[in-house]
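Remember, predicted model here, so these are calculated numbers, not experimental data. First the proteins, then the strands, lettered A, B, ... as listed; each starts at 1.
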Number of protein chains: 2
Amino acid sequence: MKAENKHSKIISAATKVFAKKGFFTARISDIAKEAKVADGTIYLYFNNKYDILLSVFEEEVGKIVEKTDKLLSSEEDPKKMLEIFTIQHLMAMKKNKNLAEVIQIELRQTNKVIKDYRNNKFSEYTGIIANIIKKGQETGIYKADIKADIAKRAYFGALDEVSRVWNASLETHYTVEEIADQLLTMFLTGILHKPAENTP
Amino acid sequence: MKAENKHSKIISAATKVFAKKGFFTARISDIAKEAKVADGTIYLYFNNKYDILLSVFEEEVGKIVEKTDKLLSSEEDPKKMLEIFTIQHLMAMKKNKNLAEVIQIELRQTNKVIKDYRNNKFSEYTGIIANIIKKGQETGIYKADIKADIAKRAYFGALDEVSRVWNASLETHYTVEEIADQLLTMFLTGILHKPAENTP
DNA sequence: ATTACATGAATGAATAGCCATTCATAAATT
DNA sequence: AATTTATGAATGGCTATTCATTCATGTAAT
């Protein structure tokens, strides 16, 4: 069996298992079983349990970053860019619900214990939001007094929390487009009614 | 020693320890040590480890809900209400950074494993946001086509993520007021420049 | 073509360490 | 002295990780 194949089989099994049980309650044997591989085999491809989580995180987030960059590269309008980012994020999370969970786990749990931080694909990812905002500020369409580093967090947080509920989904009949529309409306124009002055 | 005293001593010790090490890597003996109590004593006040976490969560979030309700009760303007909510949340999280962490842990980690859900103070809390929005929509100052249940999540997510970084704070020299101002600006009026039509 | 040998991947039972929980015993309080 | 509260060492269960062994494939010698 080809090596690469097994590596990725384990990665995707782990994604599934971590998402379902959480990192700490997931057993190596669960992952092994899910990947249809012996327990020991996992240690041929990963150093330890945490290494699996980190790999899942970095690799999968890496893919998303790459895809997002590609999608954005052909767009110049900061407003459209934010729209693309939003839809892309929500679609990715809906498609791979397990990944959404893993991101949340890794982000909030484990780096508390193990300080490694490698390349940190994640800050790369939120950095994309910051860049969109900065670009819009240069163009002049976004408010200049918005701080990009606060805004990127706020917007990521909003996206993330909306996706979280998706998973824990007791509900959410909304489509990606509906949610994206709501988020973009809020973030771009706010929830306040504009004073109706622009009627000619 | 008074019983109630010991109960709350354990709660606050646990808050500290969970925040620092995360639920799963925190040891009962850590909590006991922090509370200056014997390991066994903890089991006189709580059923098990998870019960401690849940108690921390429910009790502390409960306090915040109560305080927030009180602060809001004397205010009618939905715009001011959101402002109050925002500042109150950020202050509470800054004051009790540990609690901010525990909320995140509980929210995203553990209820995956143990389904209990008791009263769920948390939905009560986000419900406050939803109510503010609905009220503003009735008054007519908030856009009618914003869905309160999406908006509440988005806004809570934004607040929460901003507070998270606070803790992991590698930076954040911002004051509560600055951050609140930024979030409110974004959420109320958006990041887009208003088309400058309201100059008379 | 067949056999013998080599290599490295894969296995999964055994190990070893950790830590939540219990409980016999000891204060402390009534 | 009876009862309540507290202690912390001992127990027991759990699971990450290891490693001796097997298996599969390739190479070379006959």
Stepwise salt bridge (charged side-chain N to carboxylate O under 4.0 Å, His left out) test for A:Lys121 and A:Glu124: CA-CA 5 Å; A:Lys121 288 284 171 198; A:Glu124 216 178 298; 3.8 Å; yes

Steps toward salt bridge (charged side-chain N to carboxylate O under 4.0 Å, His left out) verdict (A:Glu161, B:Arg153): CA-CA 6 Å; A:Glu161 178 68 11; B:Arg153 265 161 210 149; 5.6 Å; no

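The cationic group of B:Lys49 lies under 6.0 Å from the six-membered ring centre of B:Phe23 and within 45° of the ring axis, placing it in a cation-pi geometry.
With rounding to whole Å, B:Asn5 atom CG is found 21 Å from D:dT4 atom P. One can place CG of A:Leu44 at 17 Å from P of D:dC23, the figure rounded to the nearest angstrom. For the pair B:Ile31 CD1 and D:dA6 P, the computed distance is 17 Å after rounding to whole Å. In this entry the distance linking CG of B:Asp30 with P of C:dC18 reads 13 Å, nearest Å. Summarising the geometry, the separation between NZ on B:Lys33 and P on C:dC19 is reported as 13 Å, rounded to the nearest angstrom.
Contact annotation: B:Tyr45 does not reach the phosphate of D:dT5 (side-chain N/O to OP1 or OP2, under 4.0 Å). The shortest distance between the side-chain N/O atoms of A:Lys6 and the OP1/OP2 oxygens of C:dA9 is not below 4.0 Å.
Side-chain rings of A:Phe57 and A:Tyr50 stay apart, their centers remaining 6.0 Å or farther from each other.
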Under 3.5 Å, which N/O atoms of the protein pair with N/O atoms of nucleotides 14-17 of chain D?
from   : atom 1 : to      : atom 2 : distance (Å)
D:dA16 : OP1    : A:Ala26 : O      : 3.4
D:dA16 : OP1    : A:Lys49 : NZ     : 3.4
D:dA16 : OP2    : A:Ile28 : N      : 2.5
D:dT17 : OP2    : A:Tyr43 : OH     : 2.7
D:dT17 : OP2    : A:Lys49 : N      : 2.9
D:dT17 : O5'    : A:Tyr43 : OH     : 3.4

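Looking at B:Phe187, B:Phe122, B:Phe85 one by one, the single match for ring-ring contact (aromatic ring centres under 6.0 Å, His included) with B:Phe156 turns out to be B:Phe122.
Note on ring orientation: taking the six-membered ring where Trp is involved, the planes of A:His7 and A:Tyr45 are perpendicular (angle over 60°, cut-offs 30° and 60°).
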